[in-house]
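Notes to accompany the following structure.
Along the sequence shown, residues carry numbers from 1. For the numbers below, each heavy atom of this structure counts, side chains included, while hydrogens, waters and symmetry mates do not. As the structure is a prediction and not an experimental result, all values here were calculated from the model.
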Amino acid sequence: MAFRLIVLLTAATLSSAGFTAAAWSLTRGQTDQAIAFGWPAIAVAITVAILVPMGKRPGSAG
């Protein structure tokens, strides 16, 4: 449980940092930089969502 929480908080921090940098670049009119900062943040979020181990689900057998 603690490992999952730490991994999810780390991923959330990295993703929010990437989205913040992308938003800052977008407000300054630098679309190419916004895309360059935005897609790794999305990739980190998706990768962590796939790799984080699942806990026991309620109602699951076994």
I'd like to know if [Y] and [X] are part of one continuous hydrophobic network [Ile/Leu/Val/Met/Phe/Trp/Tyr, side-chain heavy atoms within less than 4.5 Å].
X: Leu9; Y: Ile50; result: no
X: Leu51; Y: Phe3; result: no
X: Trp39; Y: Leu26; result: no
X: Leu14; Y: Val7; result: yes

Backbone N/O of Thr13 and side chain of Ser16: donor-acceptor pair under 3.5 Å: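 Pair found, side chain donor or acceptor close to backbone of Thr13.
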
Sidechain-backbone polar pair: Ser25 side chain, Ala22 backbone, donor-acceptor under 3.5 Å: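 Pair absent, no side-chain N/O of Ser25 close to backbone of Ala22.
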
Euclidean distance, Trp24 CH2 relative to Gln30 CD, rounded to 0.5 Å: 10.0 Å

Non-hydrogen atoms of Phe37 and Ala21 that approach each other most closely: CG-CB, 3.8 Å

Taking every non-hydrogen atom, the tightest pair across Ala41 and Ser15: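 Scanning both residues, the minimum pair turns out to be O-OG, 3.4 Å.
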
